[in-house]
Amino acid sequence: VNVHDFGVTKLAADKAELRWWGFDDPFADYRYEAQVSRDGRNFITIGSVEKNTANSDAYRLIFKAINGENGVYFFRIKQIYSNGYSRFSNIRQLTLENSDFPQFTLYPNPSNRIVGIKFDNIYSGHFSIQIYNTQGQTMVTREFVANGSSYVQVASLESGVYWMRFIDGKSGKSCVNQLLIK
């Protein structure tokens with residue numbers, strides 16, 4: 001592969017820069033495609049860059065997390081020749097968050113009965129939670145207002161595995177996290 005020093009740098013909570021150098025062959029006909037995956041196996045193209053043998057600068061491409069998507073992203077560079085032959089760089093990974101959605105952690109998790117939410121990027125707002133057991137039965141429904149505190153205790157549960165749905169009252173967006181009670 002003509003790609004070397006491929007790296008991914010987090011520019012913001014939801015934005016990354018892919019950067020690499022190419023040992024570009026002026027006689028070969030190829031291009032570079034930047035690709036992303038959520039599972040490290042199934043990649044999609046997020047941008048294409050033609051080779052540039054006249055420029056000694058690094059290749060760069062900016063990636064922004066899909067609205068509502070949080071977690072680990074896997075990146076690679078695909079070098080595609082005009083005859084269809086392809087080669088791949090090493091895979092790099094980075095965790096990105098959607099900065100529009102409140103970021104929180106279930107704390108502690110696993111827990112000894114007490115369940116709380118620790119906010120990472122908000123200080124106020126109206127929220128609701130729903131906690132379900134593994135049979136899908138609603139165990140807790142609660143609405144609350146966060147106003148300045150970075151931690152809110154929301155429930156006390158018996159041992160088991162639960163799913164907590166967190167809903168932002170302002171945007172209506174929601175997400176689900178797993179919770180383990182010892």
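Nothing here was measured: the structure is a model prediction, and the numbers come from that model.
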Asker: Any side-chain heavy atom of F127 sitting closer than 4.5 Å to one from V152?
Answerer: no
Asker: Between S37 (side chain only) and N42 (backbone N and O only), is there a donor and an acceptor less than 3.5 Å apart?
Answerer: yes
Asker: Taking only residues two or more places apart in sequence, or in another chain, which ones meet T9 in a side chain to side chain contact (heavy atoms under 4.5 Å, CB included)?
Answerer: none
Asker: Run the side chain to side chain donor-acceptor pair (under 3.5 Å) test against Q130 and tell me which residues pass, sequence neighbours left out.
Answerer: Y132, R165
Asker: Holding to side chain to side chain contact (heavy atoms under 4.5 Å, CB included), I want the full list of residues that pass it with N83, two or more places apart in sequence or in another chain.
Answerer: Y81, Y85
Asker: With side chains defined as the heavy atoms from C-beta onward, is the minimum distance between N90 and F6 less than 4.5 Å?
Answerer: no
Asker: Supply the atom-to-atom distance I117 CD1 to Q153 CD, rounded to the nearest 0.5 angstrom.
Answerer: 11.0 Å
Asker: Out of curiosity, does V3 fall in the hydrophobic cluster containing I46 (side-chain heavy atoms, cut-off under 4.5 Å, transitive links)?
Answerer: yes
Asker: Mind checking what makes side chain to side chain donor-acceptor pair (under 3.5 Å) contact with E50, not counting sequence neighbours?
Answerer: none
Asker: When clusters are formed by joining ILVMFWY residues with side-chain heavy atoms under 4.5 Å apart, either directly or through shared neighbours, do F43 and L61 land in the same one?
Answerer: no
Asker: Determine yes or no for a side-chain-to-main-chain donor-acceptor pair under 3.5 angstrom, with K10 supplying the side chain and T95 the backbone.
Answerer: yes
Asker: Restricting to ring-ring contact (aromatic ring centres under 6.0 Å, His included), what partner residues turn up for Y73, sequence neighbours left out?
Answerer: F63
Asker: Suppose we screen for side chain to side chain donor-acceptor pair (under 3.5 Å). Which residues come up paired with D5, at least two apart in sequence or across chains?
Answerer: none
Asker: Can you say whether the rings of F144 and F166 are parallel (under 30°), tilted (30 to 60°) or perpendicular (over 60°)?
Answerer: tilted
Asker: Is the backbone N or O of Q79 less than 3.5 Å from a side-chain atom of R31, with the two atoms forming a donor-acceptor pair by type?
Answerer: no
Asker: Please check if the side chain of K51 supplies one atom and the backbone of A28 the other of a donor-acceptor pair under 3.5 Å.
Answerer: yes
Asker: Starting from I129, can I reach W163 by hopping between I/L/V/M/F/W/Y residues whose side chains sit under 4.5 Å apart?
Answerer: no
Asker: Applying salt bridge (Lys or Arg N to Asp or Glu O under 4.0 Å), can you list everything that pairs with K15, at least two apart in sequence or on another chain?
Answerer: none
Asker: Salt bridge (Lys or Arg N to Asp or Glu O under 4.0 Å) with E158: which residues, sequence neighbours excluded?
Answerer: R113
Asker: If the condition is salt bridge (Lys or Arg N to Asp or Glu O under 4.0 Å), which residues does R142 pass it with, not counting sequence neighbours?
Answerer: none
Asker: Roughly how far, to the nearest 0.5 Å, is the CG atom of L157 from the CD1 atom of I181?
Answerer: 5.0 Å
Asker: Kindly write out the residues that satisfy side chain to side chain contact (heavy atoms under 4.5 Å, CB included) with Q135, not counting sequence neighbours, or none if the list is empty.
Answerer: N133, Q137
Asker: Which atom names give the shortest non-hydrogen contact between I131 and A155, and what distance separates them?
Answerer: CD1-CB, 4.1 Å
Asker: Have a look at V36 and tell me which of T45, I44, L94 forms a side chain to side chain contact (heavy atoms under 4.5 Å, CB included) with it.
Answerer: I44
Asker: Using side chain to side chain donor-acceptor pair (under 3.5 Å) as the criterion, list what pairs up with R76, not counting sequence neighbours.
Answerer: Q35
Asker: Kindly give the heavy-atom pair with the smallest separation between Y32 and I77, and that separation in Å.
Answerer: CD2-CG2, 3.9 Å
Asker: Same cluster for Y162 and V154 if Ile/Leu/Val/Met/Phe/Trp/Tyr side chains link at under 4.5 Å?
Answerer: yes
Asker: How far apart are the closest heavy atoms of L106 and Q178, and which atoms are they?
Answerer: CD1-O, 3.6 Å
Asker: With P110, which residues qualify under side chain to side chain contact (heavy atoms under 4.5 Å, CB included), at least two apart?
Answerer: L180, K182
Asker: May I ask whether L96 and I91 are part of the same hydrophobic cluster, defined by side-chain heavy atoms of I, L, V, M, F, W, Y residues being less than 4.5 angstrom apart, directly or through others?
Answerer: no
